[in-house]
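Below is one structure; the comments refer to it alone.
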Amino acid sequence: MKQYDHLKIEKKWQKEWEAKKVYKTANPGKMKKHYVLDMFPYPSGAGLHVGHPRGYIASDVYARMKRMQGFNVLHPMGFDSFGLPAEQYAIQTKKHPGPFTEKLVELYKKQLEIIGFSYDWSREVATHRPEYYKWTQWIFLKLYDAWYDQTKDKARDISELVKIFNKNGNENVNAVCDQNTPTFSAKEWKQMSEMEKQNMLMKYRLAYEGYSEVNWCSKLGTVLANDEIVDGPDGKPVSERGGFGVEKKSMRQWFMRITAYADRLLSGLEGLDWSSHIKEIQKNWIGKSEGSEISFKIVSGDKKDLDNPLGRRTDLGSITVFTTRADTLFGVTYVVLAPGHLFLENIKTRISNWKEVEKYLDVIKNKSEEDRIKEGEKTGIELKGIMAINPANGEVVPVWIADYVLANYGTGAVMAVPAHDERDFEFAKKYKLPIRDVVAKMIGEHHHENNIRDVAEGVIIKDDQVLVMEYKNQYGLPGGGIEEGETPEQALLREIREEIGYTDVEIVEYLGQANRYYFSDRDQKKKVRHAYGYVVKILSNKKNPTAPHEIDKPVWLPISEAIQKVQQSPIYYQSNFIDRAFSGMGQCFVDNGVLIQSGQFDSLTSEEARKKITEFVGGKLITKYKMRDAIFARQRYWGEPIPLSTDKDGIIHEVKKLPLKLPNVKSYEPAGTGESPLAGVKDWVKHGYETNTMPGWAGSSWYFLRYMDPKNKSAIASKQAIKYWKDVDMYVGGAEHATGHLLYSRFWHKFLKDIGIAQTEEPFKALRNQGLIGGADGRKMSKRWGNVINPDEIVKTYGADTLRVYEAFMGPFDQSLPWSTESIIGSRRFIEKVWRMGEKTILASHNSFQKGPRVARAGLSGKSGLDQTVFEKNSAALKKVLHKTIKKVTEDIANFNFNTAVSAMMICANEMEKAEYVSVEDFKKFLQILAPFAPHASEDLWRELGEKKSIHLSEWPLYDKKKIIDDTITIAIQVNSKVRAEISIPIDMSENDLKKLVLENPATKQWTEGKEIKRIIHVKGKLVNIVIA
RNA sequence: GCCGAAGUGGCGGAAUUGGUAGACGCGCACGACUCAAAAUCGUGUAUCGCAAGAUGUGAGGGUUCGAUUCCCUCCUUCGGCACCA
């Protein structure tokens, strides 16, 4: 018998597959296409660890099955080879990162090749190669030459925009552009200088130049990424390298107007077969919110002349706020501007406390945003001398500046409604600003007219204990309805006297008013119930002799327990009162509800009111996104040059001849001015070339298109190739790219579709994310912890097949798992088991020629002389297992449930081993479903069994529906839901027969003897449950 | 703080339109083969209990004849977001 020598076998077949071009993909093919893609790796010096191939193994198994199922499978691999580590290497060694990167690519390829992936290596791409980045640059220029037409909802060429400007100016242009784009006429446009025109167009281009804040470290002379910054000893940010101070600095950058695609990026998610988790992350990242823009008039004046007639105030213009809760407009008690709001400049002189305001703004400036958030405390200052007018009710409210309002979201100003917004609420509490309820919680129940009364509730305190009323396991505050002619205080005291008996009590604090909505049965109208809360102290134990309340039981509880119980009560205002009594905070009601104290809008729901109130005050409904335009520039050497040059007049020109290659430089160090090393290259600067390079995500945002036709010299890929391959059917990679690569790729793909290159709206139809593999110690696999396992070693010791089977078997694909050096042996044993069976089958198949080829058999137990009937029987039972396994494996691979697929094959192998005979035909089918997982061993056995063509080009076995039907099944007998016995019955037994059989069963009788049978529950094919008294 | 996912033997995990919890694998124990070892094969392996049986899927409660699965509260871990009005 041939030994299972994995080293020899794997090498042999890898060579053969390469020589016979088994995995070469036809372009285009006649068969249906299927595109299976891995996220291509960044080739780092550290090489691969066993975590990396997990996704590649999964996609390879999947691709192999699809190929055997008759699809023309595109399964390529390449390298995302621009990046920081190679640049660092260059700085250290003063050598060009190019050859170094190529060496790493070779190393990676070798590491991947020994695992036996079915990549078509003839399609390899690497983003750092000029023949590749030529097209990255080409796409950049297309983006530079494009603007977004919102009416047509697509990108258009900038020349068309220029035509429109020449004809009509920009008044009727519905484009995504800079917020501060002025309106101009055709005449004005024509009068602009070339420079002015350029600046104006820059406000429209999808790739545009602008400024942004960066983390600048003057000691290092570089810009730092957020993750290169750590907290210094005094809490201030310092560089991770060297611990030098870091400051914010405004720097010239290139941007991508990804916000133009916000809506399409959001709506496109719907049809994608991605995990809901990733979709959710992208959704949050895009952050769509629909709201209103509402203007508040600003006038001179102060709190003290609130009662003065409006006519005596000076009109100072207006500020616009953005809100998603226009329904709460009547609850506005102040207006807040972000520090640095442009309006401030205009009204400086009107602000009577300007000195203090300036001081405050100074303090804010010196604090980083992260610090402020960390401190958690909101700060602000009132602008004295000016007031805002609420457009809904003409009320005059103060204007504040506060750091909790962001300058770069919405309009940089908000209307504050402390009763219905957490942040405003917190701020109002701190600065003692008024809080006004304008939305009441709606409850579903109908109530009788006489029940809709205002109520008074008391938080009654005695010696650190609180009195609550218990009723049917629910707890609430003591109190009750206010009778006619009573004040809330009187009502509360009366209720306490009547319900609990205390007479010597004192109201010590008013907790405010809360409101709730009810439906009246009688007139079908919504009505508000007002609730008034108080803190009540018990002065002595003096009691009214009247008996306590009959249903509700008064209970004294420690404060924390009382709070907890009351918070769980369904009555919102009670929990609010108890919160207010003890934390001073209370809750604010942020949900939608029904309007109160809102004039003619009372009784409308929040949803209805938003639109109506916005219209009433002349505001406009508007959609906003959290997502910002993406920075598209790095001040580094090792990236794609941006193919633009600026002449001495400051006019930007496109570089016509692509690729614009990276120049050779003497030093790879940053220039020290914050510019890239390219700024130090005389020849480069002489041409006026852009010194920024593209960010890491440029090359990876379209590589999946290049694989379709990787050698094409005249286009990204030929039209024909893109028409055939269209999009990626199955994309496999890490979830960490959710808001980076996966979003940017979708953006570029949509743009490429707009300009007629890509054929589909979305690039990746299905996406599967692999979990990480950690070290055996539970930590992240890294050199630092010394827990790195290298796949080369595993392949050497156990074989690639074992590695593949093990990584598939470890656990659910999307789950993170620790590597186990012990468990892998199980996968090796499984392959060895199959190998031994294979060797026996081969032997038997040779021997069987005397008996005729159709009944080729394998006597695995070594026994012989069994007659034909036994053979048939064993074969049928085994066939059932085999066909069930084929079904399961086929489905599991399609669903990426590789662990259970391997498990099913193990079960099948165990059964085959136990069986007296396995037909060669059946064993071959087993080999075929194993082939995606263990491509080498299965190929070897397949050929030994006489096949001439590779197993990987064979036809995927289909399961026979008839063969997997069981004729008898096992039914559990339960008595009171406890399993007491099992019986085997024919599958087609009637329910009545089964019930009869069950009741006659001795085990059943033992448990039901003398008991009344209440019910018999029959779950078809599963169990019979007898319910007894 | 908010949003999302998860929590099952000594370990990785299986089972969810609510229906026999622990498949498969690792580890461990015993046995067969062997002079012996390795390999292989067989048997056993949630907990308590001699057994009958009882208990058991992070904790507590609920719905149900029946809950790992559905609902509520809480705890822990991981991921995302970071005052987005």
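Every chain is numbered from 1 and lettered A, B, ... according to where its sequence line falls, protein lines coming before strand lines. The structure displayed is predicted, hence computed values, not measured ones.
- At the phosphate of B:A14, neither OP1 nor OP2 sits under 4.0 Å from any side-chain N or O atom of A:Asn897.
- If you check every strand for non-hydrogen atoms under 4.0 Å, A:Ile973 touches nothing.
- Out of B:C83, B:G25, B:U20, the shortest distance to the side chain of A:Tyr404 is found at B:C83.
- In this structure, A:Pro812 reaches the sugar-phosphate backbone alone: every heavy-atom distance under 4.0 Å involves primed, P, OP1 or OP2 atoms, never a base.
- Atom CZ of A:Arg325 is separated from atom P of B:C83 by 20 Å (rounded to the nearest Å).
- Within residues 287-296 of chain A, the residues having any heavy atom under 4.0 Å from RNA chain B are, by residue number, A:Ser289.
- Glycosidic conformation, B:G9: syn, with the torsion inside 90° of 0.
- At a threshold of 4.0 angstrom between heavy atoms, the contacts of A:Lys624 with the nucleic acid are absent.
- Side-chain nitrogen and oxygen atoms of A:Arg829 include at least one within less than 4.0 Å of the OP1 or OP2 phosphate oxygen of B:U40.
- Among the protein residues, A:Ile907 comes within range of the sugar-phosphate backbone only, with heavy atoms under 4.0 Å from sugar or phosphate atoms but none that close to a base.
- A:Ile1016 places none of its side-chain heavy atoms less than 4.5 Å from the side chain of A:Val998.
- Comparing B:G13, B:C26, B:A85 against the side chain of A:Phe322 picks out B:A85 as the nearest.
- Checking B:C41, B:C24, B:G13 against every side-chain atom of A:Leu817, the shortest atom distance belongs to B:G13.
- A close approach under 4.0 Å does not occur between any side-chain nitrogen or oxygen of A:Asn284 and OP1 or OP2 of B:G4.
- Note: CG (A:Asn895) to C1' (B:A15) measures 16 Å, nearest angstrom.
- Counting heavy atoms from C-beta on, the side chains of A:Lys887 and A:Glu891 come closer than 4.5 Å.
- With distances taken from any side-chain atom of A:Asn910 to the nucleotides B:C81, B:G25, B:A23, the minimum falls on B:G25.
- Consecutive Watson-Crick or G-U pairing (both distances under 3.5 Å) extending over three or more pairs maps onto RNA chain B as B:1-7 with B:75-81, B:10-12 with B:24-26, B:27-32 with B:40-45, B:46-48 with B:53-55, B:58-62 with B:70-74.
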Could you walk me through whether A:Ile886 and A:Thr890 pass the side chain to side chain contact (heavy atoms under 4.5 Å, CB included) check?
-> CA-CA 6 Å; A:Ile886 293 171; A:Thr890 308; 3.9 Å; yes

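- Note on A:Ser827: nothing from the nucleic acid sits closer than 4.0 angstrom, heavy atoms only.
- Taking only side-chain atoms of A:Ile825, from C-beta outward, the nucleotide of B:C26, B:C81, B:A85 with the closest atom is B:C26.
- Scanning all heavy atoms of the two residues, the minimum distance from A:Ser292 to A:Ala326 falls at OG-CB, 3.6 Å.
- Side-chain atoms of A:Val881 and A:Met912, non-hydrogen and from C-beta on, never get closer than 4.5 Å to each other.
- Nucleic acid contact for A:Arg980: sugar-phosphate only, since backbone atoms but no base atoms lie under 4.0 Å from a heavy atom of the residue.
- Ring pair A:Tyr4/A:His6 is tilted by interplanar angle, where 30° to 60° counts as tilted.
- Closest to the side chain of A:Leu1023, from the set B:A21, B:A85, B:G19, is B:G19.
- The aromatic ring centroids of A:Phe425 and A:Phe427 lie 6.0 Å or more from each other.
- A donor atom on one side chain and an acceptor atom on the other are not found under 3.5 Å apart for A:Lys626 and A:Asn284.
- Within the nucleic acid shown, A:Lys1014 has no heavy atom closer than 4.0 Å to any nucleic acid atom.
- Side-chain nitrogen and oxygen atoms of A:Arg610 include none within less than 4.0 Å of the OP1 or OP2 phosphate oxygen of B:A85.
- Summarising the local packing, NZ of A:Lys995 is surrounded by more than 12 heavy atoms from other residues, nucleotides or ligands at distances under 6.0 Å.
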Could you write nucleotides 63-69 of chain B as a row of B, S and -, 5' to 3', where a protein heavy atom under 4.0 Å of any base atom gives B, of only sugar-phosphate atoms gives S, and otherwise -?
-> --BS---

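- In this structure, A:Ser820 reaches neither bases nor backbone, as no heavy-atom distance under 4.0 Å exists between it and the strands shown.
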